[in-house]
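I'd like to ask you about the structure that follows.
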Amino acid sequence: MPQKKQRSALGSSTTVEDYLERILELINVKGYARVVDIAAALKISQASVTNMVQRLDGEGLLKYEKYRGLVLTTAGETLARNIARRHELLTDFLTLLGLDDRVIYHDVEGMEHHISPSTLHAIAALTAQLRRRPALRAELARAVV
Ligand code: MN
């Protein structure tokens, strides 16, 4: 999926997908997502988050009301679920390779934004094969260490 990037005032770039992914995660865990929570999760300023949240509201991906918090629209939730699904699938795949959890999280956070549907599909098929082959998984785990 093509990637929209936004440069924050701090110079780091945080993607629309990162926002939607964190917002869905916060809503799932806490039942709501506030600007302060999103800022903490993404480690960026509340001012940057407010700007982005207003932009996402303008693009119809969420509804934002100052002091009330925000909700994802159907379009926003669809995008967020899609990125969450890519995150889960890539995590499953790298876990089956026997990699370290921190390495997995770091790599998945990058890969999930760049991977094309056809590659993801191939990895899903490979993941399913690996699940059925414990001997091959053990062999891979030895090679990874
Ligand atoms: Mn992710």
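Remember, it's 1-based here, ligands and their atoms both numbered in the order they're listed. Values in this document were obtained by computation on a predicted structure and should not be read as measured data.
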Legend entry - Check: Arg137 side chain, Arg131 main-chain N or O, donor-acceptor pair, under 3.5 Å: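 Flag set: sc Arg137 to bb Arg131 pair under 3.5 Å.
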For residues 100-108, dump all side-chain donor-acceptor pairs below 3.5 Å to protein atoms at least two apart in sequence or in another chain.
| unit_1 | atom_1 | unit_2 | atom_2 | d |
| --- | --- | --- | --- | --- |
| Asp100 | OD2 | Arg102 | N | 3.0 |
| Tyr105 | OH | Arg22 | NH2 | 3.2 |

Legend entry - Metal check, the Mn ion (ligand 1) vs Asp18 N/O/S, cut-off below 2.8 Å: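 Here the distance criterion (N, O or S atom, under 2.8 Å) is not met by Asp18, so no.
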Inset, instruction - Give the atom name of whichever N/O/S atom in His87 sits closest to the Mn ion (ligand 1). - result: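 It is ND1 of His87.
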Inset, instruction - Sequence neighbours left out, what passes salt bridge (charged side-chain N to carboxylate O under 4.0 Å, His left out) with Asp37? Give chain and number order. - result: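 For Asp37 the salt bridge (charged side-chain N to carboxylate O under 4.0 Å, His left out) partners, ignoring immediate neighbours, are Lys30, Arg34.
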Inset, instruction - Find out whether Asn51 and Gln54 are in side-chain contact, i.e. whether some heavy atom of one side chain is under 4.5 Å from a heavy atom of the other. - result: yes
Inset, instruction - Check Glu109 and report its N/O/S atom nearest to the Mn ion (ligand 1), by atom name. - result: OE2
Inset, instruction - Starting from the Mn ion (ligand 1), look over the N/O/S atoms of Glu21 and name the nearest one. - result: OE2
